[in-house]
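Presented below is the structure to which this report refers.
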Amino acid sequence: MRTTRLTLICHASTQALKRGRFARDEPVDMDWQQAALSLAGRFKRAPRVVCGPELRTWQTARMFAEQPQVDPCLREYDFGRWQGQPLEAIQQSEPQALQDWLGDSTAAPHGGESVTQLCERVGQWLHDLEHTPGHVLAVTHPFVIRAALLQVMQCAPAAFGAIDVEPLSSTELRFNGRWRLRLDA
């Protein structure tokens with residue numbers, strides 16, 4: 001059995017991230033055209049580069065490859081009507097809904113996706129990837145990376161909020177009969 005190597009890269013920072021807003025489709029907060037292909041030589045062999053359909057993931061993926069493939073399974077978490085709203089405003093206008101969402105992985109008071117649904121989507125994507133040997137570099141969102149880690153570590157969705165994912169951070173996963181988290185020195 002050949003190994004699947006998965007490098008998850010979080011997209012570069014955005015204004016929404018800096019301002020504490022729920023994400024919307026927006027560009028990265030850097031000169032991505034100047035940085036295009038700047039990280040292409042980071043790996044010994046060029047990986048297959050995939051990204052979510054949002055502008056920020058595509059711009060970040062262009063740091064690694066000239067033509068990344070868009071994979072809709074890597075799309076951002078669906079924040080429903082909270083998309084683009086400041087977290088502080090939701091705390092003021094819908095405090096109970098926010099508490100329900102933070103405390104119950106099956107809740108989706110915003111009308112979008114629940115954390116459980118996100119974990120199921122990402123779990124299916126990981127399962128499909130098990131049959132793709134070689135190196136895949138996936139540029140995606142913090143919530144998607146959190147969901148992938150929960151799947152690999154076989155953690156309950158309640159642990160979702162205990163994972164922080166920084167912009168441009170990388171997470172290495174390997175599959176050789178089972179998924180493993182790989183930490184490099």
Side-chain angles (χ1 to χ4, degrees), residues 1-12 14 17 22-23 25 39-40 42-65 67-80 83 101-102 104-108 110 112-185:
M1 175 181 290
R2 292 193 49 218
T3 299
T4 300
R5 176 182 176 191
L6 173 60
T7 303
L8 294 165
I9 303 283
C10 182
H11 64 74
T14 64
L17 188 61
F22 287 99
D25 197 8
L39 299 174
R42 180 175 171 187
F43 303 100
K44 290 179 188 176
R45 293 188 185 115
R48 181 171 65 99
V49 179
V50 297
C51 64
E54 296 81 13
L55 181 59
R56 63 191 176 274
T57 57
W58 184 83
Q59 289 174 336
T60 303
R62 288 276 288 122
M63 293 180 190
F64 297 91
Q67 295 189 328
Q69 297 173 331
V70 173
D71 187 332
C73 293
L74 296 173
R75 70 186 179 278
E76 175 66 279
Y77 177 83
D78 182 355
F79 291 104
Q83 181 179 359
W101 179 66
L102 292 172
D104 179 359
S105 63
T106 64
H110 43 61
E113 196 172 25
S114 72
V115 168
T116 299
Q117 290 169 320
L118 171 68
C119 289
E120 289 169 358
R121 169 169 48 101
V122 173
Q124 183 59 54
W125 178 74
L126 285 170
H127 177 71
D128 294 345
L129 202 59
E130 292 171 6
H131 309 289
T132 308
H135 188 186
V136 176
L137 185 144
V139 179
T140 189
H141 308 277
F143 275 40
V144 173
I145 295 170
R146 285 178 178 185
L149 288 172
L150 291 182
Q151 295 296 312
V152 169
M153 301 303 295
Q154 300 176 5
C155 295
F160 188 81
I163 302 169
D164 287 332
V165 181
E166 294 293 319
L168 295 176
S169 64
S170 67
T171 303
E172 288 284 331
L173 303 174
R174 304 282 170 103
F175 182 82
N176 190 1
R178 70 179 274 205
W179 283 104
R180 297 179 190 282
L181 172 63
R182 180 180 173 131
L183 302 176
D184 291 324

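When reading the values below, keep in mind they use all heavy atoms of this one structure, side chains included, and skip hydrogens, waters and symmetry mates.
To the nearest 0.5 Å, the span separating CG on L74 from CD on E54 amounts to 9.0 Å. Atom CD of Q117 sits about 9.0 Å away from atom OG1 of T106, to the nearest 0.5 Å. A distance of 8.0 Å separates CZ of R62 from CD of Q67, quoted to the nearest 0.5 Å. With rounding to the nearest 0.5 angstrom, the CD atom of E120 is 14.0 Å from the NE2 atom of H127. Between I163 atom CD1 and C155 atom SG the span is 6.5 Å, to the nearest 0.5 Å.
Using a 4.5 Å heavy-atom threshold, the side chains of L181 and L149 count as touching. Inter-residue side-chain proximity for V50 and V136 is flagged as met; some heavy-atom pair is nearer than 4.5 Å. Taking 4.5 Å as the limit, every side-chain heavy atom of H135 sits out of range of all side-chain heavy atoms of R45.
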Query - Criterion side-chain contact (heavy atoms from CB on, under 4.5 Å) on I9 and T140, from CA distance to verdict - result: CA-CA 6 Å; I9 303 283; T140 189; over 6 Å; no

Exercise for the section: Evaluate the side-chain contact (heavy atoms from CB on, under 4.5 Å) criterion for residues L126 and W179: first the C-alpha distance (whole Å), next the side-chain angles of each, then the deciding distance (0.1 Å), finally the verdict. Expected result: CA-CA 9 Å; L126 285 170; W179 283 104; 3.9 Å; yes

**Request:** Just do the side-chain contact (heavy atoms from CB on, under 4.5 Å) check on C10 and L168 with the steps written out, would you?
**Result:** CA-CA 5 Å; C10 182; L168 295 176; over 6 Å; no

Would W125 and D71 count as a side-chain contact (heavy atoms from CB on, under 4.5 Å) if you check the C-alpha gap in whole Å, the side-chain angles of each, and the deciding distance to 0.1 Å? CA-CA 10 Å; W125 178 74; D71 187 332; 3.0 Å; yes

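Using a distance-only test at 3.5 Å, with no hydrogens or angles considered, no donor-acceptor pair links the side chain of S169 to the main chain of V165. Remark: the backbone N or O of C119 is paired with a side-chain donor or acceptor of Q151 at under 3.5 angstrom. A donor-acceptor pair is defined here as one N or O able to donate and one able to accept, closer than 3.5 Å; such a pair exists between the side chain of D25 and the backbone of L55. Between the side chain of T4 and the backbone N or O of G134, no donor-acceptor pair lies under 3.5 Å.
In terms of heavy atoms, R121 sits closest to C73 at NH1-O, 2.9 Å. Nearest heavy atoms, T57 versus V139: O-CG1, 3.5 Å. Residues F143 and L118 approach most closely at O-CD2, 3.5 Å, considering heavy atoms. Taking every heavy atom of both residues into account, S114 and S105 meet most closely at CB-O, 3.4 Å. Residues L150 and A156 share a closest heavy-atom pair of CD2-O, 3.8 Å. In terms of heavy-atom proximity, L8 sits nearest to A148 at CD1-CB, 3.8 Å.
No side-chain donor from either of Q59 and H11 sits under 3.5 Å from a side-chain acceptor of the other. For the residue pair T7 / S170, no side-chain donor-acceptor distance below 3.5 Å is found, with atom types taken as modelled.
Using cut-offs of 30° and 60° for the angle between ring planes, the F79 and F22 rings count as tilted.
Ion pairing of R5 with E172 is present here, as a side-chain N (NZ or NE/NH1/NH2) and a carboxylate O approach within less than 4.0 Å.
Between Y77 and H110, the ring center distance clears the sub-6.0 Å criterion.
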